Amino acid sequence: MQRSHSFTRLKSWFAPPDRLDLQVARITSGVVMLAGCLVLIGWKLDLAILTSVIPGAATMKANTAVCFLLAGISLSFQTGKRTRLATRIANGCAIAVSTIGLLTLSQYMFGWHLGIDELLVRDPAATIASDPGRMGINAAIDFGLVGIALWLANRQEPQPERQHRIKLDPIAISQSLATVAGFIALQAVVSYANNDRVFYQLSIFATEMTLQTAIVFVVLCGGILALRSVGVASQNENRGWMRSFTSDLVGGDVVRRFVPIAIVVPLVLGWVILRGYQAKLYDTNFAFSLMSISLVAILLGLILLNAGILDRVDYDRIRSDDRIRSREERLQLALEGANQGIWDLDLQTQVVTWDDRCKAIFGLSPDVPLTYAQRIDMLHPDDRQRVADALTIAAREGGEFVKEYRTIYPNGTIRWVLSQGRSYCDAAGRPTRMSGTMMDITDRKQAEAALQQSNRKFSAVFDQTFELIGLVSVAGVVLEVNQTALASIDARKSEIVGKWLWETPWWHTEQLQQQLKDAIVTAASGQLVRYEIQFLHTSGILTTLDFSLKPVLDEQDRVMMLVAEGGDVTERKQAEAALREGEERFRTLADNMSQLAWMANSDGGIFWYNRRCFDYTGLTLAQMQEWGWQQIHHPEHVDRVVAHFQHCLATGIEWEDTFPLRGHDGEYRWFLSRAIPIFDGLGQVVRWFGTNTDITERQTALREIEQAQANLERRNQELDAFGYIVAHDLKAPLRAISNLSQWIEDDLEGVLTADTQSQMTLLRSRVRRMGATIDGLLDYARVGRTDAKIESVSVAQLLAEVIDSIDPPPTFTITIAPDLPTLNTKWLSLFQVFTNLISNAIKHHHRADGSLHISGRDLGEFYEFVVADDGSGIAPEQHERIFEIFQAVNPQKRSDSTGIGLSIVKKIIETAGGTIRLESQLGKGTTFYFTWPQR
């Protein structure tokens with residue numbers, strides 16, 4: 001409750017400042033100990049002024065002074081720091097005080113003489129009415145009460161409360177005992193004021209209570225009441241019936257205001273009226289009337305003053321209520337705007353009080369009652385223990401409670417809640433309730449999750465990219481850097497972040513550092529900066545970076561940071577250098593090559609020529625680019641060339657053509673033009689590269705070759721005709737000679753001698769040999785000039801036909817390997833080769849029972865055949881000569897050998913692309929090896 005200015009001023013009059021009661025208790029303990037010490041000093045030094053305030057009156061006894069000293073010590077230790085030793089000393093002194101008082105009282109009651117009255121000093125003033133050195137009976141009663149009160153006040157904790165027992169508060173009992181003792185002492189003071197011995201000397205046989213003793217008792221009892229309870233002082237708790245005096249509430253203010261008046265005014269008024277009565281200024285009736293009227297006036301004044309105070313308090317309360325109501329309304333509006341609810345938890349009953357917004361946050365209707373356990377059960381299982389522990393700690397330690405947790409709606413929906421609150425304690429410092437606010441933060445948590453996901457993606461991209469990236473403040477301090485950048489210089493993030501960017505290892509020269517500083521200033525003004533730098537990579541390679549500084553703007557278009565990015569372009573730079581070098585080499589090669597080179601776009605427009613083109617044509621690039629090359633083509637060929645070139649452009653096939661081109665001298669020369677398409681990664685033609693080769697001399701040579709070939713063909717035809725004519729003209733007389741010799745032999749049968757017949761037979765054999773020679777010459781001339789079709793030939797089947805046509809003697813053995821191939825070749829040519837080799841082996845064998853073996857092996861493109869016999873063999877010096885024409889091995893032994901057969905075989909094999917060789921020695925047979933193309 002907020003109090004008005006008048007109430008605050010009123011409180012400042014009567015309400016003591018914080019812990020003033022303990023200060024009063026400390027001062028009181030000092031006064032009491034000082035009084036006791038002074039009296040003891042007076043007894044020791046025999047100073048009457050210290051033992052009795054009133055000269056000639058009773059003195060404060062030594063044991064009374066001792067009790068005051070012990071009581072002051074006990075009170076002093078209860079106002080200081082609480083330790084075990086201090087507690088024991090305070091309790092010991094209190095028990096000693098009470099014991100002395102009770103023992104003295106027992107001496108009065110039972111007539112004992114325990115010897116404690118003059119234990120310290122001897123009292124010389126022994127009288128009939130009092131024992132020497134013994135305190136008064138009312139003083140003994142007060143010390144017994146005060147000792148017990150001090151002992152009870154020193155209790156640190158109240159007695160545990162038990163069922164079926166009356167609850168007793170030791171502090172209240174202590175305050176009650178101190179109050180009784182104080183009233184006894186106050187009565188003695190009043191008796192001294194009114195000169196009435198009945199209140200300070202209870203019996204003529206007892207020692208009277210001295211005035212200073214009564215005053216010190218009043219002070220001591222006030223100190224005990226001000227003490228409240230040191231055992232719970234740290235908790236600022238007011239206990240016992242004295243709490244009304246020490247309360248900070250309005251009741252405490254009223255009590256502190258009126259109690260002094262209620263005590264002092266009647267005493268003063270009674271003393272004044274009594275003095276007037278004793279002076280015989282008025283009689284008894286008037287004195288009582290004056291006393292009554294005065295008390296009525298005093299009570300009315302107190303009532304009116306109290307009413308005024310209560311009115312002001314009520315007025316302040318109404319104003320405070322209005323302010324509170326206004327603040328509550330504003331609070332409700334603020335809570336509604338923030339979607340917050342208010343909750344309260346009674347820690348004793350475990351009842352939770354929620355407003356409608358709190359229940360709505362938990363998905364509940366407004367009329368649903370809740371307990372603490374039900375609230376905990378509505379939390380997500382993973383959050384229950386954590387929230388319960390936090391609530392317990394906040395309730396036990398009196399701290400704040402701030403937690404974010406998940407709640408589960410009755411329909412299973414999960415929502416995030418932020419709950420804040422604190423605990424509140426009772427007067428004893430025990431937590432009694434907790435209250436606070438809660439709000440639905442699901443949207444915020446989802447936004448945070450999305451932000452975290454975005455940050456994770458950013459971190460993944462930031463750290464996994466191959467680019468060197470960093471965030472830099474406008475002043476040039478590194479704020480963040482990715483792993484790629486750190487790895488490039490083998491550094492840790494802590495070594496880079498927080499440093500000036502130009503002090504990092506990437507900028508290793510003063511020139512680079514100054515360049516970077518200038519770039520940062522430019523980028524901080526909002527401009528993009530980009531240039532290349534070089535630094536030494538951890539791999540030892542001088543690395544080139546494409547470096548840039550990009551400003552990042554806020555919503556007001558102010559630069560808030562810079563993004564430093566560096567791409568490793570070392571390989572690109574090397575590739576560019578290699579490309580430039582390659583282009584230079586290409587241009588050098590292209591400009592110095594003998595051909596005319598050119599490049600065209602995908603649409604056929606030529607955009608580049610080598611220097612040879614310009615040298616030959618005498619034109620410039622501007623004259624010949626795109627389709628300007630048509631002007632140097634011969635008019636009779638240009639249309640054909642353009643149509644052919646456009647067809648290649650449309651189909652993407654390689655270009656090849658021959659045509660004449662006009663030179664700078666106006667002469668046309670023939671060129672062979674070839675071009676290939678160049679494709680991109682998608683298979684699209686991006687350009688054409690072509691060359692034009694001068695083939696004028698080759699064309700002339702081709703024409704000459706064609707003319708020579710034509711002449712050769714004509715001569716071959718003439719030779720064939722001549723051969724046929726020769727064969728016919730030569731063979732006709734041979735046939736006539738053979739027939740004539742046979743006719744002569746037939747006509748002269750029986751007349752011719754044996755020698756003549758032998759000569760006739762020899763004549764006919766020579767004629768047949770001449771005929772075979774003529775046939776061999778014809779066959780040799782025809783080799784390579786006859787057109788025969790290529791077909792699939794089974795070698796095994798061909799050999800069977802060859803053997804069948806030769807018809808070898810039955811005694812001659814011919815074996816053929818089983819794995820001979822099937823070839824795509826000319827059947828007749830291969831038939832002639834095997835016929836000659838097999839017939840020669842049979843014809844020249846020296847035995848009729850000879851043998852011949854035919855085999856082969858695959859050599860890839862060729863197949864090697866082997867024809868081996870077991871004949872008489874051929875001398876090594878004859879191996880090369882036998883393949884020459886008209887060279888027979890043993891012409892003297894075989895009259896029918898023409899010496900042409902192996903020449904024909906060799907020519908057929910070499911014409912087909914193969915080779916032939918032999919291995920032979922005399923008496924060991926002969927083996928022919930020849931290769932034949934498989935296709």
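Given the structure is predicted, the values throughout are model-derived calculations rather than measurements.
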By ring-ring contact (aromatic ring centres under 6.0 Å, His included) - contacts of W151 (at least two apart):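 Not a single residue meets the ring-ring contact (aromatic ring centres under 6.0 Å, His included) criterion with W151.
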With sequence neighbours excluded, residues passing ring-ring contact (aromatic ring centres under 6.0 Å, His included) with Y405: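 Expected list: none.
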Residues in side-chain contact (heavy atoms from CB on, under 4.5 Å) contact with [X], at least two apart in sequence or another chain:
X    : result
L479 : L471, S473
C358 : W343, W354, D355, M438
S423 : M434
V402 : L418, Q420

Do [X] and [Y] have side chains that approach each other closer than 4.5 Å (heavy atoms only, starting at C-beta)?
X    : Y    : value
R406 : K445 : no
T484 : I469 : no
I496 : I489 : yes
T179 : L225 : yes
D346 : T349 : yes
L501 : V477 : no
M33  : I73  : yes
P431 : Y424 : no

Looking only at heavy atoms, what is the nearest atom pair of [X] and [Y], with distance?
X    : Y    : result
A178 : C221 : O-SG, 3.2 Å
F143 : G101 : CB-CA, 3.9 Å
D142 : A181 : OD2-O, 3.1 Å
G223 : T28  : CA-CG2, 3.6 Å
P170 : L152 : O-CB, 3.6 Å
D344 : S435 : OD1-CB, 3.3 Å

Qualifying salt bridge (Lys or Arg N to Asp or Glu O under 4.0 Å) pairs with a residue from residues 472-481, counting only residues at least two apart or across chains: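 Passing the test, one end in residues 472-481: E480-K493.
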Partners meeting side-chain hydrogen bond (donor to acceptor under 3.5 Å, both in side chains) with [X] (sequence neighbours left out):
X    : answer
N91  : N154
S29  : none
R558 : D554, Q556
R386 : D383

Whether over 12 other heavy atoms sit under 6.0 Å from E400 CD: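 Counting neighbours around CD of E400, 12 or fewer heavy atoms of other residues, nucleotides or ligands fall under 6.0 Å, so no.
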Flag if over 12 foreign heavy atoms under 6.0 Å of CZ, F183: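 No.
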Under 3.5 Å, side chain of [X] to main-chain N/O of [Y], donor-acceptor pair present?
X    : Y    : result
S76  : G72  : no
T407 : M378 : yes
T432 : Q348 : no
T99  : I95  : yes
R433 : C425 : no

Positive for side chain to side chain contact (heavy atoms under 4.5 Å, CB included) with Q78, one of I224, L150, I89, T87: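 Answer to the side chain to side chain contact (heavy atoms under 4.5 Å, CB included) test with Q78 among I224, L150, I89, T87: L150.
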Among C67, S74, S98, side chain to side chain contact (heavy atoms under 4.5 Å, CB included) partner for C93: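 When side chain to side chain contact (heavy atoms under 4.5 Å, CB included) is applied between C93 and each of C67, S74, S98, only S74 qualifies.
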Starting at [atom1] of [X], measure out to [atom2] of [Y] and round the result to the nearest 0.5 Å.
X    : Y    : atom1 : atom2 : value
E495 : D490 : CD    : CG    : 8.5 Å
Q452 : E448 : CD    : CD    : 6.5 Å
F68  : L34  : CZ    : CG    : 12.5 Å

Criterion side chain to side chain contact (heavy atoms under 4.5 Å, CB included) on L391 and I376, from CA distance to verdict: CA-CA 10 Å; L391 280 169; I376 295 298; 4.3 Å; yes
Check against side chain to side chain contact (heavy atoms under 4.5 Å, CB included), L486 and N482: CA-CA 7 Å; L486 295 174; N482 70 344; over 6 Å; no
Derivation of the side chain to side chain contact (heavy atoms under 4.5 Å, CB included) call for L220 and V218: CA-CA 6 Å; L220 176 60; V218 172; over 6 Å; no
Enumerate donor-acceptor pairs with a distance under 3.5 Å from any side-chain N or O in residues 408-416 to protein atoms, sequence neighbours excluded.
from: Y409; atom 1: OH; to: I361; atom 2: O; distance (Å): 2.8
from: N411; atom 1: OD1; to: T413; atom 2: N; distance (Å): 3.1
from: N411; atom 1: OD1; to: T413; atom 2: OG1; distance (Å): 3.0
from: R415; atom 1: NE; to: D440; atom 2: OD2; distance (Å): 3.2
from: R415; atom 1: NE; to: T442; atom 2: OG1; distance (Å): 3.2
from: R415; atom 1: NH2; to: D440; atom 2: OD2; distance (Å): 3.2

Steps toward side chain to side chain contact (heavy atoms under 4.5 Å, CB included) verdict (I441, V417): CA-CA 5 Å; I441 59 170; V417 174; 5.6 Å; no
